[in-house]
Amino acid sequence: MIVILKDNAPKDSIDKLLKQFEDLGLKNHYSQGTHTTLIGLVGDTSKVDIDMVKANEIVKDVKRVSEPYKAVNRKFHPKDTIVEVSDRKIGGGYFGMIAGPCSIESEEQIIEVAQAVKKSGANFLRGGAFKPRTSPYAFQGLRDDGLKLLLKAKEVTGMPIVTEIMSLSHLDLFSDVDVIQVGARNMQNFELLKELGHCNKPILLKRGLANTIEEFLMSAEYIMAGGNTNVILCERGIRTFETAMRNTLDLASIPFLKKETHLPIIVDPSHATGLTDLVEPMSKASIACGADGIMIEVHNNPKKALCDGAQSLTPEQFDNVMKTIKAYVEFEGKQI
Ligand code: PEP
Ligand code: MN
């Protein structure tokens, strides 16, 4: 981090500032040029509050030269993190194939879909019980009852389950859930992230609708800072000026994130596009970009789905897409 001082800063104020940095355990390189005076800070600057430094009256500007995230940073953890969920793995060459309906609607629906996606080769079952809907009048999910049905599907198929948490007050209900999803709308619900940092379950963290990659990584940092190292990132498209598709799938974020972080990154082409036809091509592209997994919405009767029918594949469509996905995953030298 580089701190640029204002001209004619009084010596005692400079000494006070240097002492503040020293107290944070940082070494400083003080350099007085003819026109500019700089302080170069060396050490772990992730805890430095830039705004507070900027607020100091002798400071002209502050520039970060290293990333504000540490735990998620590949610099300090070069090896890929492999998240283990019962006997399955995601990351470091292991590909997670997550499929299931947007929402759990009934016992028949979730079990039928679970059995179908398992048969096609998915190794995780998804399904929403608590649904973050834009309208308060839209179907909100079966909530506690939905979770019970999802657990039943887990029992019947043996598949680990992924489902979204929306409120900390529901955490006790998630004790038998294998992977807890934090949805796009809650990516910056910091109290939720902090609490999930203290639980021992893998967290699937989705990128916010309009969040930068740095903000995404800082949210993962919240979870890891609490001690939970099992974080899976999920790129699910972002808001842009384009309205033809539900979102714009930021494919470049995958190789970019791979360089920045050791955490596994999966892609959700269903929410990223909102269109069934685009699920297969975007899955192929994601795998080619280095994704460690894919999450796809599948419904036994998409036309009648209570949520996201337009982007949900039928089990038959999913079976076909899976054939392509398997070949692409194999080509990348990974295994489902
Ligand atoms: C979901 O996966 O069901 C979901 C609501 O996705 P997102 O949070 O990405 O919109
Ligand atoms: Mn959905």
Side-chain angles (χ1 to χ4, degrees), residues 96-105 109-110 113-114 117 122 124-136 138-143 146-147 149-150 153 161-167 170 174 177-189 192-193 196 202-211 213 215-216 219-220 231-240 245-251 253-254 265-276 278-279 282-283 286 291 293-314 318:
M97 192 57 237
I98 309 171
C102 178
S103 311
I104 302 142
E105 297 174 7
Q109 176 241 20
I110 188 66
V113 175
V117 298
F124 290 85
L125 173 67
R126 67 148 282 150
F130 296 94
K131 294 304 303 175
R133 304 303 301 278
T134 303
S135 166
F139 175 61
Q140 302 289 306
L142 295 182
R143 303 172 69 82
L147 271 185
L149 298 179
L150 188 62
I161 53 173
V162 183
T163 193
E164 177 168 353
I165 191 163
M166 281 176 46
S167 164
H170 300 149
F174 283 67
V177 168
D178 300 285
V179 179
I180 301 181
Q181 175 173 318
V182 175
R185 288 151 194 84
N186 271 313
M187 189 203 87
Q188 286 192 313
N189 182 339
L192 183 61
L193 300 178
L196 294 175
I203 309 297
L204 176 63
L205 177 67
K206 296 188 103 180
R207 182 174 178 182
L209 279 71
N211 284 112
I213 287 173
E215 287 164 344
F216 190 17
S219 290
V231 182
I232 303 159
L233 302 173
C234 178
E235 169 60 54
R236 47 78 73 206
I238 49 172
R239 286 256 169 108
T240 66
M245 290 152 287
R246 186 171 180 182
N247 289 291
T248 298
L249 179 53
D250 183 8
L251 281 171
S253 75
I254 308 160
I265 300 137
I266 69 158
V267 174
D268 170 353
S270 304
H271 290 91
T273 63
L275 299 165
T276 49
L278 298 189
V279 169
M282 289 301 100
S283 298
S286 302
I294 300 278
M295 178 154 81
I296 294 180
E297 285 190 344
V298 180
H299 196 285
N300 51 346
N301 188 356
K303 285 195 197 84
K304 292 249 167 81
L306 297 179
C307 185
D308 289 349
Q311 67 194 34
S312 299
L313 305 185
T314 61
F318 179 69

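All values derive from a computational prediction rather than experimental measurement. In each ligand, atom 1 is the first atom listed, and ligand 1 is the first ligand listed.
Within ligand 1, counting atoms from 1 as listed, the ones closer than 4.0 Å to a heavy atom of R236 are 7 (P), 9 (O), 10 (O). Distances below 4.0 Å separate heavy atoms of G183 from the following atoms of ligand 1: 8 (O).
Considering backbone and side-chain N/O of D268, none are found under 3.5 Å from N/O of ligand 1. At a 3.5 angstrom cut-off on N or O pairs, M295 does not count as close to ligand 1.
Ligand 1 lies less than 4.0 angstrom from a heavy atom belonging to Q181.
Going from atom CE of M245 over to atom CG of L278 covers 7.0 Å, rounded to the nearest 0.5 Å. For the atom pair CZ of F139 and CZ of R133, the computed distance is 8.0 Å after rounding to the nearest 0.5 Å. From L233, atom CG reaches atom CD1 of I254 across 11.5 Å, with rounding to the nearest 0.5 Å. Rounded to the nearest 0.5 angstrom, I238 CD1 and R207 CZ are separated by 4.5 Å.
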Before giving the answer on side-chain contact (heavy atoms from CB on, under 4.5 Å), spell out for H170 and R143 the whole-Å C-alpha distance, their side-chain angles and the decisive distance to 0.1 Å. CA-CA 10 Å; H170 300 149; R143 303 172 69 82; 3.9 Å; yes
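D308 has a carboxylate O that lies under 4.0 Å from a charged side-chain N of R246, or vice versa, which qualifies the two as a salt bridge. Between R126 and E164, no side-chain nitrogen of the basic residue sits less than 4.0 Å from a carboxylate oxygen of the acidic one, so the salt-bridge criterion is not met.
Any protein N/O/S atom under 2.8 Å from the Mn ion (ligand 2) was counted, giving 4 altogether.
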